[in-house]
Every structure is written in C-alpha cells, then in structure tokens.
Amino acid sequence: MQKHWWQEAVVYQVYPRSFQDTNRDGIGDLQGIIQHLDYIKTLGVDVIWLNPIYKSPNDDNGYDIADYQAIMKDFGTMADFEELLKKAHHRGLKIMMDLVVNHTSDEHHWFAESRSSKENKYRDYYIWHDPVDGHEPNDWQSSFSGSAWQFDEQTGQYYLHLFSKKQPDLNWTNPDLRQSIFTMMAWWLNKGVDGFRMDVINLISKPENILPDKDGYIAPIANGPHVHDYLLEMNKKVLSKFDIITVGETPDVKPYDAINYAGFDRHELEMIFQFEHMGIDQDPKLGKWRPKAYKLTELKQIMSKWQLELNGKAWNSLYWNNHDQPRVVSRFGNDTTPEYRVLSAKMLATALHFLQGTPYIYQGEEIGMTNNYDFNSISDYRDIETVNAYRDLVEDRHALSNHEFIEAAHKMSRDNARTPMQWHDGINAGFSEEGVDPWLAVNSNCETINVQAALRDPNSIYYYYQRINGLRHQFPVIVYGNYELLLANDERIWAYHRHDDKQTILVVCNFSQDTVTCDLPELKDSNREPLIKNYADDQGTTLRPYEAKVYIYEN
Ligand code: TEU
Ligand code: CA
C-alpha cells in the first residue's frame with residue numbers, strides 16, 4: 001500500500017466561533033487560536049481543521065460565504081490568518097481550511113449580479129428555474145426546513161438552496177464557475193494552506209432532470225451524474241499540484257461511493273466523511289428530532305463494514321464528533337456521573353482511534369465536554385437548523401410538542417457542539433472575559449470540565465488522548481494494520497484485532513454500565529500488560545463499566 005503523511009496524521013477540528021475570544025465581543029477569533037497553538041500541539045495532533053473563517057453574514061455560522069478571499073470580520077484580518085498559519089507551521093502543525101463550494105451566501109457579489117437579470121454574466125453561476133404551474137419546480141426540501149426553492153421577484157424565477165434561503169446553490173455545470181472555484185483554491189494553497197475539508201461536496205452535481213417524471217420520480221441529489229467529472233477536474237487543475245490533505249463531507253454515501261471518491265487510484269479526494277454511524281439513533285421520518293435507541297451490534301456492523309470494504313482500496317476518516325453532531329460522551333457514552341463520563345470518554349476514544357483511518361478530534365472532545373442541558377427554551381438555541389426545525393415541527397406542523405422538541409435538542413442539536421470551549425472554571429470558562437456575553441451560553445459544567453483541570457490531572461481524558469496519539473505515531477500496525485471484528489454478536493463489547501505481518505493489536509471496549517466477562521483467549525494471559533487502559537489495573541476477562549484496554553503483541 002502506498003503511504004502518505006495524511007494517513008499517519010491526527011486532525012484537531014477548531015470551530016473558531018467557540019474556541020477563544022480575545023477582543024471582548026463574545027465571539028471566538030483567530031488571535032484566540034494563536035493563543036492556544038501550544039495546547040493543540042501538546043495533544044499530539046498534526047493538522048488543525050478550521051471551520052469557515054471567510055467573510056460571511058453568518059446565517060449558517062460561516063457556511064454562507066460572501067467573499068472566499070477575505071476573512072470574516074468577527075474572526076479578525078488576513079494578517080491574523082497569516083500569523084496563525086506561520087505560527088502553526090513553526091510548530092509543525094498543518095492548517096486545513098473548510099471549502100464550501102456547493103453554495104455561497106446570497107450576499108456574495110456573484111449572487112447579487114446573478115439575481116439582477118437573466119442576461120447577467122453571473123446568471124448561470126446559480127440554479128434558476130421557472131415556476132411550474134405557478135409553484136416551486138419540485139418538492140425538494142431544504143436541510144433547514146421548508147422548500148429548497150426561493151422565488152425571486154426581480155426576474156420571476158426560483159433559485160435552489162439546499163440549505164438556508166441565504167445559501168443559494170452554485171451551478172457546477174458552468175465551466176466558468178468551476179474555474180472561478182479552482183482559481184480561488186489555488187490562491188489559498190499558494191498561501192501555504194495544507195488542505196481542504198470540502199462541505200457537502202457530493203451534492204455539487206444535481207440530477208439532470210429536476211422535474212418529476214410521469215411516475216413522480218426525481219433522481220437523488222447526492223452523488224449526482226457529474227460529481228466525479230468535477231472532482232477529477234479539480235484534482236487535475238489544482239489538488240494534484242500540492243502535497244495536501246483533502247476530505248470530502250459526503251452525506252448519503254456507502255463504501256462503494258467512498259472508493260469512487262477516495263480510492264487510492266482515483267485522483268479525486270484523499271478521504272471522505274461518511275455518515276452511516278451518525279444516523280443509527282435517528283428516526284427515519286423525523287430524523288434527529290425523534291432520537292431512537294440503537295444497538296451496539298448495529299454500530300459495530302457499520303464501522304466494521306467501512307474498515308473491511310475500504311481496506312487496501314481507499315482511506316477512512318474516523319470521527320465521533322464535529323460541529324454538526326452532539327457530544328459523543330453524551331450520545332454513545334455516559335455523562336450521568338463524573339466517573340462514568342471520564343471512563344466512557346476514554347473508552348470511546350479507544351474504540352475509534354485504533355481503527356484504520358485518519359482520526360479527527362473535535363475541540364472539547366479531548367476533555368470530555370458534554371451536551372448542554374442548560375438550554376430549556378428554543379430561544380436558548382442559535383443554530384439555524386435547530387431554530388427552523390422548531391418553527392416547522394412544533395409551531396407549524398405540530399408534529400412535536402415543545403417539550404418533545406427540547407428533549408430531542410438536548411440530545412441532538414448542533415449547538416451541543418458549539419458551546420464555548422471550557423478553558424477554566426472561572427467566568428465564561430475563560431472563553432471570554434468577565435462582563436462579555438459569549439455568543440452562545442457556556443455549559444455550566446465548566447466548573448469541573450475544563451482544560452485547566454484536565455492539564456492538572458495525570459489521569460485526565462486529555463492525557464489519555466495524548467497517549468493514544470503517541471501510540472498512533474509509534475506503531476505502524478495502528479495506522480496500516482488490517483481489521484478483524486471479534487465477538488460480532490455481543491451487545492455490550494466491541495472487540496477487534498488489527499494486524500500486519502509483524503504485530504497484532506487487540507482492542508476491547510465495554511460500551512455498557514455492566515461488569516461483564518469477555519472470554520477472549522488473549523485476556524486470560526495474566527502476563528500481558530495492556531498498551532493502554534482506562535482503569536488503574538487489569539482484571540483479565542472481567543470488564544468493568546466502560547472498561548477499555550488495548551494489547552499489542554508480536555505475531
Ligand atoms: O453539513 C452538511 C450536512 O449534511 C448537514 O445537513 C448535517 O448532515 C446536519 O447538519 C447534521 O445534523 C455541512 C456543514 O457541516 C454544516 O455545518 C452546514 O450547515 C451545511 O453543510 C451547509 O453548509
Ligand atoms: Ca472575538
């Protein structure tokens with residue numbers, strides 16, 4: 001197998017808005033990230049993924065870009081960015097930017113031009129359509145509730161927006177638009193940026209026919225007819241000229257899609273984010289707003305499928321968290337007691353980080369930050385997805401009661417991941433100074449869950465992550481070894497092997513609050529000392545609540 005630096009790397013995701021405020025506006029900024037570069041470096045990661053920092057009206061917290069080559073004023077200036085890039089590189093940290101090219105902000109000058117007249121040269125940078133029988137062209141729905149079509153009086157046509165009304169979709173069939181994007185990408189890469197995370201990149205090629213056929217059928221939006229042509233062109237014209245990391249965010253993909261997007265021989269992307277494991281606790285109809293119980297065997301089956309089907313063909317990304325997902329210790333772990341929170345956070349880190357792929361750590365995951373249960377009214381939330389869904393499901397359609405929605409939001413709202421980073425137990429958890437209201441309320445559990453406490457505690461989750469990152473950089477079998485699921489039908493234990501021609505890793509994780517017996521032969525060998533464990537001692541085949549341990553041995 002060919003080997004690349006990004007296969008051996010660990011990525012740390014910074015959501016700049018919630019990381020550190022340094023100029024008393026209650027909003028995180030680039031100088032705040034610069035202040036904590038040593039903290040990030042000490043964790044043992046290699047790359048920082050920055051969520052969008054470009055000029056934006058923040059209808060969707062920066063995923064609505066008004067100028068791809070200017071810095072959002074909330075976050076600082078281009079000089080601040082160049083200082084961040086320089087100081088990160090000085091520490092051996094790479095910077096991956098968030099590329100949002102399925103859509104722009106409606107305040108981008110391209111859209112202002114496009115909507116001004118049907119003859120404007122930017123008209124076809126976006127997707128316009130005549131009304132059909134006086135209505136929207138089809139029944140596509142926005143991810144943020146309501147129709148995905150917005151009528152524009154000025155030219156009497158609808159424009160497509162798969163997300164908010166202020167995020168019009170770009171028309172990738174237009175070669176001029178594609179070239180504008182490629183030119184912008186090269187501009188950032190020539191500045192020294194080390195790669196891109198590509199927002200919903202598998203949505204950029206829309207179905208040929210957006211009107212329903214005689215049976216009312218319209219092809220799905222994801223993985224459209226020309227998406228690979230566009231990515232091959234992007235790779236040929238831009239990506240292939242740099243030694244960078246790329247990861248496509250691709251909702252609704254299966255392993256065979258991923259092999260097409262990120263196959264070692266495909267010359268498109270290096271890896272993708274798949275979402276199958278992020279959907280197991282969501283209702284098929286109401287999605288995250290009606291969370292449902294999941295089985296560990298289902299989670300193991302999905303993760304094992306991705307390990308086995310990509311092995312040798314394409315590279316996996318590995319994540320539990322990001323700015324769109326609830327905090328994993330609250331979702332798949334147990335945050336009901338301090339002991340179980342620490343144990344289950346370490347167990348979840350163990351289960352994920354010994355898999356084959358590039359791991360992504362989301363800010364705060366490394367100190368076991370939890371969902372925010374302080375929010376008890378929709379007015380406490382800021383996320384457009386959450387607020388729009390409330391209006392749609394509670395106020396308009398009465399599909400859920402206020403209480404049911406808030407309960408679901410406590411579990412699944414994107415704002416759970418976006419509360420300010422908890423630096424210490426003082427005012428605003430050190431995210432912003434006293435007397436400054438953070439843009440989103442700080443989680444009240446910052447008194448006990450914060451970086452300062454973590455750095456003082458040798459048994460903290462932070463140092464556990466640091467050790468895991470060290471092991472990944474030490475043992476090639478953790479990066480490149482083959483995967484083999486063990487105890488497939490066990491509903492409480494996820495156990496697996498990783499092996500190469502020299503060594504074997506055994507990973508054993510108890511996802512339950514029960515003390516269980518795990519009859520794996522290797523656990524009966526009392527002389528074997530775990531490579532890492534989340535309890536002080538090792539009781540062989542007895543696994544205590546949320547116990548995790550890893551062994552390595554020569555074949
Ligand atoms: O998210 C794309 C996406 O699929 C989201 O709808 C995600 O699945 C959902 O939020 C999970 O609940 C990307 C960005 O990560 C997200 O922050 C943006 O809001 C979205 O694209 C539009 O740019
Ligand atoms: Ca600020």
Side-chain angles (χ1 to χ4, degrees), residues 13 15-35 49-54 56 58-65 71-77 80 98-105 141-145 148 161-170 197-204 221-222 247-253 272-279 281-283 286-289 291 319 321-326 331 360 362 382-389 408-409 411-418 420-421 428 431-433 436-439:
Q13 179 188 354
Y15 193 70
R17 194 167 200 81
S18 305
F19 196 65
Q20 176 71 64
D21 174 22
T22 62
N23 64 340
R24 296 181 60 79
D25 64 359
I27 300 169
D29 43 60
L30 299 181
Q31 283 298 330
I33 303 170
I34 291 169
Q35 269 183 19
W49 157 24
L50 295 177
N51 287 98
I53 59 171
Y54 318 96
S56 165
N58 286 305
D59 193 53
D60 182 20
N61 286 3
Y63 280 93
D64 46 322
I65 296 171
I71 299 299
M72 187 191 307
K73 63 176 174 36
D74 288 345
F75 291 162
T77 65
D80 291 324
D98 208 319
L99 186 75
V100 187
V101 291
N102 174 69
H103 47 270
T104 69
S105 164
Q141 294 299 297
S142 155
S143 281
F144 299 154
S145 308
H161 60 89
L162 296 181
F163 294 94
S164 90
K165 292 182 175 51
K166 286 180 66 65
Q167 293 172 292
D169 278 58
L170 287 166
R197 176 267 189 187
M198 299 189 191
D199 192 60
V200 288
I201 199 66
N202 67 323
L203 305 185
I204 61 176
I221 294 176
V247 56
E249 185 211 23
T250 51
D252 302 327
V253 292
I272 56 107
F273 288 133
Q274 59 90 12
F275 281 71
E276 278 197 85
H277 62 319
M278 293 283 104
D281 52 356
Q282 299 189 21
D283 177 79
L286 291 184
K288 64 172 67 175
W289 306 116
Y319 74 97
N321 288 291
N322 60 42
H323 62 293
D324 291 334
Q325 300 298 335
R331 183 181 197 177
Y360 289 72
Y362 178 65
R382 295 291 173 274
D383 169 31
I384 186 169
E385 180 187 63
T386 304
V387 170
N388 284 9
K411 288 189 175 129
M412 303 298 279
S413 168
R414 302 193 303 180
D415 275 339
N416 284 304
R418 301 175 180 189
M421 185 70 179
N428 296 328
F431 165 74
S432 59
E433 290 176 26
V436 177
D437 287 338
W439 73 277

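Computed from a prediction, not measured in an experiment: that's the story for all the values here. Excluded from the calculations below are hydrogen atoms, water molecules and symmetry mates; all remaining heavy atoms, backbone and side chain alike, are included. Counting starts at 1 for both ligands and their atoms, in listed order.
- Within ligand 1, the atoms closer than 4.0 Å to a non-hydrogen atom of Phe275 are 8 (O), numbered from 1 in the order shown.
- Of the inter-residue distances, the one linking Asp64 atom CG with His103 atom NE2 reads 7.5 Å to the nearest 0.5 angstrom.
- Residues Asp98 and Ile53 are not in side-chain contact: their nearest non-hydrogen atoms beyond the backbone lie 4.5 Å or more apart.
- For Asp29, the N, O or S atom with the smallest separation from the Ca ion (ligand 2) is OD2.
- The nearest N, O or S atom of Asn23 is closer to the Ca ion (ligand 2) than 3.0 Å.
- Using a 4.0 Å cut-off to heavy atoms of Lys288, the atoms of ligand 1 that qualify are 11 (C), 12 (O).
- Ionic pairing of Arg414 and Asp60 is present here: one or more N-O contacts between side-chain nitrogen and carboxylate oxygen are shorter than 4.0 angstrom.
- Interface atoms of ligand 1 facing His323, defined by a heavy-atom separation under 4.0 Å, are 14 (C), 15 (O), 16 (C), 17 (O).
- Rounded to the nearest 0.5 Å, atoms CZ (Arg418) and CG (Asn322) are 9.0 Å apart.
- In the candidate list Asp199, Asn51, Asp252, Val100, Asp199 is nearest to atom 14 (C) of ligand 1, counting heavy atoms.
- Residues Asn102 and Ile204 form a side-chain contact, since some pair of their non-hydrogen atoms from C-beta on lies under 4.5 Å apart.
- Proximity of Glu249 to ligand 1, defined as any heavy-atom pair under 4.0 Å, is confined to the side chain (atoms from C-beta onward).
- Of all heavy-atom pairs spanning Leu162 and Asp169, the tightest one is N-OD1, 2.8 Å.
- Remark: ligand 1 atoms within the under-4.0 Å shell around heavy atoms of Phe144 are 19 (O).
- In the vicinity of Arg418, heavy-atom distances shorter than 4.0 Å reach the ligand 1 atoms 17 (O).
- Taking the N/O/S atoms of Asp21 in turn, the shortest distance to the Ca ion (ligand 2) belongs to OD1.
- Atoms of ligand 1 lying under 4.0 Å from any heavy atom of Glu385, numbered from 1 in the order shown and given with element: 9 (C), 10 (O), 12 (O).
- Between Pro52 and Gly62, the shortest heavy-atom contact is CB-O, 3.2 Å.
- Backbone or side-chain N, O or S atoms of Gly28 do not reach the Ca ion (ligand 2) at under 3.0 Å.
- Both tests hold for Arg17 against Trp439: distance to the six-membered ring centre under 6.0 Å, angle to the ring axis within 45°.
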Practice problem: Tell me, with the steps shown, if Asp80 and Asp29 meet side-chain contact (heavy atoms from CB on, under 4.5 Å). | Solution: CA-CA 9 Å; Asp80 291 324; Asp29 43 60; over 6 Å; no
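- How far OG1 of Thr22 is from CD of Glu433: 9.0 Å, rounded to the nearest 0.5 Å.
- Taking the Ca ion (ligand 2) as reference, Asp25 places its N/O/S atom OD1 nearest.
- Contacts between Gln282 and ligand 1, counted as non-hydrogen atom pairs separated by less than 4.0 Å, are absent for every part of the residue.
- Contact detail for Ala222 and Asp252: the closest heavy-atom pair is CB-CB, 4.0 Å.
- Every atom of ligand 1 with a heavy atom of His103 under 4.0 Å away is listed here by number and element: 22 (C), 23 (O).
- Here Arg414 has side-chain heavy atoms under 4.0 Å from ligand 1, and that is the only part of it that gets that close.
- Counting protein heavy atoms only, atom 7 (C) of ligand 1 is closest to Asp324 OD2, 4.0 Å.
- For the pair Asp60 and ligand 1, the shortest N or O to N or O distance falls below 3.5 Å.
- With Tyr319 as the fixed residue, the ring-ring contact (aromatic ring centres under 6.0 Å, His included) test singles out one of Phe273, Trp49, Tyr362: Phe273.
- Near Pro251, with a cut-off below 4.0 Å to any heavy atom, the atoms of ligand 1 are 4 (O).
- Between His161 and ligand 1 there is no heavy-atom distance shorter than 4.0 Å.
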